[in-house]
Amino acid sequence: MKRSGFRQFAGPSRFDVKLPVTLQHPAAGLLRLAGEPFNGLPKHPVVARMITEQGRSQIRLPASWHGDQLQMPVSLPWLDWPRLTLTIPKLVEVVPRLLDDATNKFELSTPGKIGVTITQQSDIGALLDLLVVESLTALKTERTEHFIKALDHRIPGRIPLYEAKELAREFGGRMDRKFRSATNALNHWRPQQVTPALERACEQGWAERGLGLDCEQCNFIPLQASTSQAICPACSAPDRYGRDNGKSVEIMYRLNGFIDRAVDNGVLTHLLVVAALQKRAPDSHFRPGVDIVFDDGDTKEVDIFGVYEGKVLAGEAKVSAIEFANEGRIRRDIELSRRLKADVHVMAAIDVIPEPLLEEAREHCGMAGLELLVLHEPDLRPRLAEARTARDRQAEHQARTQQRRR
């Protein structure tokens, strides 16, 4: 084995081959390359082809992976001896090629498109902060569920659930956005705990601060639009700003329209999982929702797809773990990951996934030859359990204090 240097650039990069002997006649050789440039890349055939596209005229047979090494049969010497031009692709380029290799057609799903936009405009790592997810969820306007219930009441059983959800996404956004103060945003949590989460959401542009009015026609005024005299912008009637327990003016919080729709459509869960994965492995890349068409015409949607720690990852992210309890749900999710040629199947939920469901997932992943990565409340919101424990201790202390006073 002979070690050689590799100079990596943004784009095609040159590899200078060093041999232990001088070649006198044409020959064949086997190059095996390994090192840091390849560490974060999935060891899949399509990625090997991406790396060697620039140097394919010197490579006799398609490149392949030998463990962590890139293996290439070559003719010696070649025209531009001893130079060999390779391209180390970025993960943002690798992910669509992996999807293209495993499917007939693919595109970002509706949640995926929304999620990509949010990722480009803000730091989704903020979702991992204490109570940010809970606060955003508490402020969302229940458009989709209300729309579907109303639709089913009017024409029961006439429209399939997936079509009803699409109608809700398109036409169910006419309700006024919900707004709350830190005092009443989350039950059982003190304003001192909720306010930092709401302010974090404002920093990312996900929420806005405002003042409340008593007027029934328009009862939220963005803070920058407030004036010394409270005037309802809908009816122009004089009014009063809402006060906290009748004392100081109370700050209200409301999601911006785009984030409100995103939370209502379940995008928040996808982004929370992506944020947790990227925190664990910064050198990773994901698409938070993809519509898939396979060669046999079968259509599916995958919640998470990308590259994680040099492996292809695919899987599902649910708001509640109970969704995994549906008959055959886990088996179908894992089968989809297998068809997408994933190495790792991710099973994620915002709350705690019960052990029987985890055991079922382990069994099916074992049969499919996939690694299982579980992300649920202990992984996605570790500080929440700590805060609950501290809150319970404080409540117990207050109860004992009041009892002694009595």
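Keep in mind the model is a prediction, meaning the values are calculated, not measured.
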For the atom pair [atom1] ([X]) and [atom2] ([Y]), what is the distance rounded to the nearest 0.5 Å?
X: Leu336; Y: Phe294; atom1: CG; atom2: CZ; result: 5.0 Å
X: Arg200; Y: Asp123; atom1: CZ; atom2: CG; result: 6.0 Å
X: Lys279; Y: Leu128; atom1: NZ; atom2: CG; result: 5.5 Å
X: Ile114; Y: Ile259; atom1: CD1; atom2: CD1; result: 9.0 Å
X: Arg362; Y: Leu357; atom1: CZ; atom2: CG; result: 10.5 Å
X: Thr87; Y: Glu53; atom1: OG1; atom2: CD; result: 7.5 Å

message: Which residue in the set Glu208, Lys140, Arg261 passes side-chain contact (heavy atoms from CB on, under 4.5 Å) when paired with Arg177?
response: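 Of all the options given, the one that passes is Glu208.
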query: Can you name the residues that form a ring-ring contact (aromatic ring centres under 6.0 Å, His included) with Phe324, not counting sequence neighbours?
result: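 Per chain and number, Phe324 pairs via ring-ring contact (aromatic ring centres under 6.0 Å, His included) with no residue.
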Minimum heavy-atom separation for [X] to [Y], with atom names?
X: Ala276; Y: Leu380; answer: CB-CD2, 3.5 Å
X: Ala348; Y: Val273; answer: CB-CG2, 3.5 Å
X: Glu323; Y: Val319; answer: OE2-N, 3.5 Å
X: Gly212; Y: Phe179; answer: CA-CE1, 4.4 Å
X: Ile51; Y: Pro89; answer: CG1-CD, 3.8 Å
X: Leu136; Y: Ala201; answer: CD2-CB, 3.9 Å

message: Before you tell me yes or no, could you show the steps for Lys318 and Glu316 under salt bridge (charged side-chain N to carboxylate O under 4.0 Å, His left out), namely the whole-Å CA-CA distance, both residues' side-chain angles and the distance that decides it to 0.1 Å?
response: CA-CA 7 Å; Lys318 306 299 185 186; Glu316 298 298 305; 3.5 Å; yes
- request: Would you sort out whether Lys311 and Glu371 count as a salt bridge (charged side-chain N to carboxylate O under 4.0 Å, His left out), showing the intermediate values?
  value: CA-CA 10 Å; Lys311 299 178 182 179; Glu371 295 180 29; 2.5 Å; yes
Criterion side-chain contact (heavy atoms from CB on, under 4.5 Å) on Tyr253 and Glu199, from CA distance to verdict: CA-CA 9 Å; Tyr253 296 87; Glu199 287 296 312; 2.6 Å; yes
Going by atom types alone, do [X] and [Y] pair a side-chain donor with an acceptor below 3.5 Å?
X: Asp333; Y: His364; answer: no
X: Asp260; Y: Thr141; answer: yes
X: Tyr308; Y: Gln278; answer: no

query: Given the rule in the salt bridge (charged side-chain N to carboxylate O under 4.0 Å, His left out) test, do Asp298 and Arg339 qualify, once you have shown the distances and angles that lead to the verdict?
result: CA-CA 11 Å; Asp298 191 19; Arg339 294 184 70 182; 2.9 Å; yes
For the backbone of [Y] and the side chain of [X], can you confirm whether one donor and one acceptor N or O come within less than 3.5 Å of each other?
X: Trp65; Y: His44; answer: yes
X: Asp283; Y: Gly40; answer: no
X: Ser135; Y: Ala197; answer: no
X: Gln193; Y: Arg190; answer: yes
X: Ser181; Y: Glu250; answer: no
X: His285; Y: Leu91; answer: no
X: Asn265; Y: Val267; answer: no
X: His270; Y: Pro288; answer: yes
X: Gln204; Y: Ile124; answer: no
X: Asp351; Y: Ala321; answer: yes

Please examine the side chains of [Y] and [X], heavy atoms only from C-beta on, and report whether any two atoms are closer than 4.5 Å.
X: Met50; Y: Glu93; result: yes
X: Leu313; Y: Ile304; result: yes
X: Ile350; Y: Ser320; result: no
X: Met252; Y: Leu211; result: no
X: Leu384; Y: Leu130; result: yes
X: Val46; Y: Leu98; result: yes
X: Thr269; Y: Asp303; result: no
X: Trp189; Y: Leu131; result: yes

message: Can you tell whether the side chains of Arg280 and Asp379 come within less than 4.0 Å, N to carboxylate O?
response: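 Looking at Arg280 and Asp379, the cut-off is met.
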Derivation of the salt bridge (charged side-chain N to carboxylate O under 4.0 Å, His left out) call for Arg332 and Glu335: CA-CA 5 Å; Arg332 291 193 298 271; Glu335 173 61 16; over 6 Å; no
Take a 6.0 Å sphere around [atom1] of [X] and say whether it holds more than 12 heavy atoms from other residues, nucleotides or ligands.
X: Lys43; atom1: NZ; answer: yes
X: Leu223; atom1: CG; answer: yes
X: Asp68; atom1: CG; answer: no
X: Glu355; atom1: CD; answer: yes
X: Arg383; atom1: CZ; answer: no

Worked verdict on Val94 versus Leu41 for side-chain contact (heavy atoms from CB on, under 4.5 Å): CA-CA 8 Å; Val94 170; Leu41 297 174; 4.1 Å; yes
message: The test is side-chain contact (heavy atoms from CB on, under 4.5 Å); show your working for Glu309 and Ser284 and say whether it passes.
response: CA-CA 7 Å; Glu309 292 186 336; Ser284 58; over 6 Å; no
task: Take Leu372 and Val346, measure what side-chain contact (heavy atoms from CB on, under 4.5 Å) needs, and give me the verdict at the end.
output: CA-CA 6 Å; Leu372 175 64; Val346 63; over 6 Å; no
